[in-house]
Structures are given as structure tokens and as C-alpha cells.
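This report refers to the structure that appears directly beneath it.
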Amino acid sequence: MTAKIPESRASAMWGGRFEGGPSAIMQRINASIDFDRRLYAQDIRGSKAHCRMLVRQGVIGHDDGAAILSGLDAVLQEIESGTFVFRHDLEDIHMNVEARLAELVGAAAGRLHTARSRNDQVATDFRLWVRDAMDGMDGALKDLQAALLDRAEQHAATVMPGFTHLQAAQPVTFGHHLMAYVEMVGRDRGRLADARRRLNECPLGAAALAGTSFPIDRHETAAELGFDRPCGNSLDAVSDRDFALEFLAACAICAVHLSRLAEELVVWTSAQFRFVKLSDAFTTGSSIMPQKRNPDAAELVRAKAGRTIGDLNALLVVMKGLPLAYSKDMQDDKEPVFEATDTMELCIAAMAGMIRDLEVDAERMRAAAGAGFATATDIADWLVRVLGMPFRQAHHVTGRIVRMAEDRGCGLEDLTLADLRSVEPSITREVFDVLGVERSVASRTSFGGTAPDTVRAAIQAARQRWLVT
Ligand code: ARG
């Protein structure tokens with residue numbers, strides 16, 4: 001048996017019943033090699049596992065198996081050293097690898113595709129690829145958490161305004177604010193881990209759609225490729241891409257988190273806020289306005305969430321309404337996943353870099369925290385706690401005190417005891433204890449609250465939970 005290219009222009013891989021070859025346009029729309037070449041390592045790994053199993057099961061001979069395995073290693077080496085010639089007429093990574101294998105080892109190569117199809121092959125390759133992408137992204141997010149935790153620790157007691165409606169609401173600490181993102185990123189990692197568990201079943205051996213009559217051992221190939229088990233249904237194995245969708249959904253949600261932090265950096269670096277300054281490494285200048293330092297990296301992280309959300313949408317729409325089992329539509333599953341992976345990698349790294357380099361203007365933050373009657377809630381709480389007033393009444397009394405300060409154009413702490421007593425006669429001097437922003441944050445010791453010691457405890461717990469593996 002020889003691996004001979006047929007006389008006609010038809011495909012060497014599937015052209016047995018074809019006379020003519022595909023038109024140039026057909027080749028262009030059909031070929032995926034320009035992007036699915038990124039699956040080469042997974043493709044070869046999957047083929048080696050399949051080959052070993054075929055030998056062990058007696059489906060192909062030892063010599064053929066050995067020739068295939070060493071040939072696949074040679075192909076891998078060629079691809080990694082850049083000498084491999086990718087051919088469009090061979091459509092995709094699977095046929096490019098197999099055709100080169102045939103050139104290298106001859107007839108034995110033709111036995112590799114026994115008891116499998118490109119349908120289970122690509123589903124296996126892609127699961128392996130997405131699993132690696134999940135692991136890579138998890139590592140990057142862990143690094144981002146480490147950056148956030150370090151900065152949170154430095155600023156566990158740095159007072160800043162906390163906002164609702166982007167209006168100063170109550171003072172918080174900058175460390176507490178950063179820790180909010182440690183939580184978000186932790187859930188992003190959790191989503192990846194959840195999706196990874198469901199992804200981790202092996203399609204190999206499902207063959208084209210119905211399974212195979214050869215005595216294969218799917219449990220063996222699944223284990224060799226690091227899967228927990230083989231997929232339980234051959235039709236499902238080759239035709240669902242929910243593992244890619246779950247990955248993209250996790251990416252999209254993470255991108256939304258990053259974009260919110262990016263937006264805050266954009267706002268905080270503005271001349272009107274000046275809470276933080278980005279390092280030169282993560283800032284650009286304007287070509288005509290010398291005074292400007294633009295937060296381009298943050299803006300681009302904010303923008304690129306759009307792409308990642310688009311990638312999720314793209315694949316959802318590709319998959320919607322496809323009948324079982326495989327359809328060629330599914331070849332279009334890869335580009336959105338590749339794009340989202342690359343985009344996320346860049347955005348997570350950029351965010352970690354910005355956070356690590358960030359210069360914090362604690363003075364500005366503190367001044368802003370004191371403005372806007374941010375400790376009004378503390379007065380109301382004091383009236384409840386010390387005078388035993390019902391909260392609704394305390395809220396009303398405090399509102400009148402705020403109005404008095406507003407009328408006078410001063411802060412709450414600038415009012416005299418007499419001023420306060422003119423509103424509520426039973427107020428005592430002790431109320432001044434809660435008027436300062438430091439005291440305000442220090443009093444919020446409830447679990448998950450903003451008191452510096454509470455934040456420090458949260459940082460310690462988060463380090464244990466997220467950074468110790
Ligand atoms: N390049 C194809 C893909 O990515 C491989 C599977 C082709 N299967 C087929 N029946 N034509 O989906």
C-alpha cells in the first residue's frame with residue numbers, strides 16, 4: 001500500500017470520488033489552516049495517543065505504529081523550528097500534518113486515521129487547546145490578584161471617597177476598593193475552573209458521529225490526554241462546542257470586570273480627580289498638547305471588552321440552530337476563541353502592570369473623602385447608637401445638620417456643638433468622634449467592611465485562598 005497522490009486535481013485526503021478539484025474561491029472559504037495551525041501541538045499529541053491505543057488494541061501493527069509515532073515527532077519538530085510548509089490545498093491542520101507524515105514515513109501514515117474522523121479529531125484538539133488557554137488565563141489572573149493584593153496592603157488605611165451613582169457616598173479605603181477586584185477576579189478564576197471540569201471529557205473515538213466498529217479503548221486515550229473520561233455520547237462529542245462557549249463567557253465576564261477597573265483608572269487619573277498617576281510605562285503623551293498624559297492602556301482594556309463580548313456572541317450565533325451532529329459551521333469556532341484568548345492575555349497583563357506601577361495621591365484622596373458630607377451616615381448611626389433614636393428619625397435630623405453645613409458652605413466637622421444642638425438638643429460633644437473620615441472608616445469593622453484592620457484581615461484570607469496553590 002502506498003500513500004500516492006491521485007492523478008486528478010481532487011484532494012488526496014478525500015478526493016476518491018472526485019474528478020475535478022475545488023475552485024480557488026472554494027479553497028479559500030474552506031481552508032482553515034491559516035488559523036487552525038495553532039492547534040498543531042494538540043493535534044499531534046492527540047494523534048500519538050490514538051496511534052498508541054490502536055497498537056495496543058491490535059488494530060495496527062507495532063512497526064506501523066512506531067513509524068507513525070516517530071514521524072509525528074518529526075512533524076512537530078519541523079513545525080516548531082519553522083521549516084514546515086503549510087499548504088492551503090490541504091485545508092486544515094489535521095490534513096497538513098497527516099500529509100507530511102505520509103511524505104516522511106510512507107504507507108504506514110495511512111493507518112493513523114483508522115477508527116477516527118476529523119470530526120472527533122478536531123473536537124479533541126480544540127478541547128485540549130481551550131484547556132491550555134484556561135490554565136494560562138488562570139495563571140495570569142492569579143498574577144493580577146497578587147498585584148492587587150500588594151497594593152491593597154500598602155493602602156489598607158488610605159482613605160478615599162466611596163461612591164454610589166459616582167457621587168461621594170461614604171469614606172472607604174483604597175485598599176478596600178482594590179480588594180473588590182480581587183473578589184471579582186477570584187470569581188473569574190472560579191468560572192474558568194468550573195468550565196474546565198465540564199470540558200474535561202474526551203471526544204476521541206466518537207469518530208465521524210456514530211462511534212466505530214474497531215475495538216478501540218476510549219478510556220485509555222482519554223486518560224492519556226489528561227481527560228477525566230471519554231464523552232458519553234458520540235453525537236454530542238463531535239457536535240457541541242459548549243466548552244468553548246463557557247470559556248468565552250468566562251472571558252467576557254472577566255473582560256467586563258477589567259473594563260470597569262480600567263474606567264476607574266481613566267477617571268482617577270483625570271486632572272479633576274488626580275487620585276492616581278499611571279507610570280510612564282503605561283501612559284502616552286499627546287503629539288500637540290505637551291501637558292497631557294493619556295491613560296491609553298486603560299482605555300484600550302476598556303475598549304477590548306467589546307471584542308471579547310463580540311467573540312462570545314459570534315460563537316453563540318454560529319452554534320444556534322445547528323442540527324446534530326457536525327456541520328462545517330463549527331470550523332468557525334476557532335477564531336473567536338483565539339482572539340478572545342489573545343485579547344485577554346494582553347489586557348490582564350496590562351492591568352497587572354498598571355496596578356503594580358500606580359502612584360497613589362493619598363492626600364487628594366483623603367481631601368475628596370472629607371468633602372461632600374461623606375460622614376453624614378456616621379452622625380445618623382451615632383444618634384441611633386448613643387441616643388437610642390430610631391434610624392428614620394436620625395436620618396431626618398442628620399439631613400437638617402447637612403443642610404445647615406451646606407448653607408454655611410462648611411464641612412460637617414466645622415459646625416459647633418451649639419449648631420448641632422440647635423437641631424437636636426440631646427447631641428453631646430462625643431459626636432465629633434465620628435465626624436472625621438479616619439474614624440468613619442475605622443468604625444466599619446463588620447465582616448467585609450472597610451475598616452483598615454478588617455481590610456488587612458481580608459487581604460490575608462485572600463492570599464491564602466487565591467495565591468497559595
Ligand atoms: N477543519 C475542520 C474543522 O475545524 C475539521 C473537521 C472537518 N470535518 C469534516 N467533516 N469536514 O471543523
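Counting convention: from 1, in listed order, for ligands and their atoms alike. None of the values given here were measured: they were computed from a predicted structure.
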Task: Distance from atom 3 (C) of ligand 1 to nearest protein heavy atom, with residue and atom - done: Tyr326 OH, 3.2 Å

Open item on the list: Would you call the rings of Phe273 and Phe275 parallel, tilted or perpendicular, taking 30° and 60° as the class edges?
Closed with: perpendicular

Task: Side chains of Met53 and Glu224 in contact at under 4.5 Å (non-hydrogen atoms) - done: no

Task: Proximal atoms of ligand 1 relative to Ser32 (non-hydrogen, under 4.0 Å) - done: 1 (N)

Open item on the list: Please list the nearest protein heavy atom to atom 8 (N) of ligand 1 with its residue and the distance rounded to 0.1 Å.
Closed with: Asn119 OD1, 2.9 Å

TODO: Consider ligand 1: state whether an atom of it lies below 4.0 angstrom from any non-hydrogen atom of Glu91.
DONE: no

Open item on the list: Does any N or O of ligand 1 fall below 3.5 Å from an N or O anywhere on His94, backbone included?
Closed with: no

Task: Salt bridge present between Arg191 and Asp194 (N-O < 4.0 angstrom) - done: no

Task: NZ/NE/NH1/NH2 to OD/OE distance under 4.0 Å, Arg356 and Asp143 - done: yes

Task: Atoms in ligand 1 with a heavy atom of Asp92 nearer than 4.0 Å - done: 1 (N), 2 (C), 5 (C)

Task: Atoms of ligand 1, numbered as shown, that sit under 4.0 Å from any heavy atom of Gln331 - done: 1 (N), 2 (C), 3 (C), 4 (O), 12 (O)

Open item on the list: Less than 4.0 angstrom from a charged side-chain N to a carboxylate O is my criterion; do Arg463 and Asp150 meet it?
Closed with: yes

Task: Near-ring test Trp129/Phe243, centroid separation under 6.0 angstrom - done: no

TODO: Dump the intermediate steps for side chain to side chain donor-acceptor pair (under 3.5 Å) on Glu80 and Tyr40, then the final yes or no.
DONE: CA-CA 9 Å; Glu80 296 199 322; Tyr40 76 89; 2.8 Å; yes

TODO: Can you pull out the closest protein heavy atom to atom 11 (N) of ligand 1? Residue, atom name and distance to 0.1 Å, please.
DONE: Arg118 NH2, 3.6 Å

- [ ] Using a strict cut-off of 4.0 Å, indicate which atoms of ligand 1 neighbour a heavy atom of Lys334.
- [x] 3 (C), 4 (O), 12 (O)

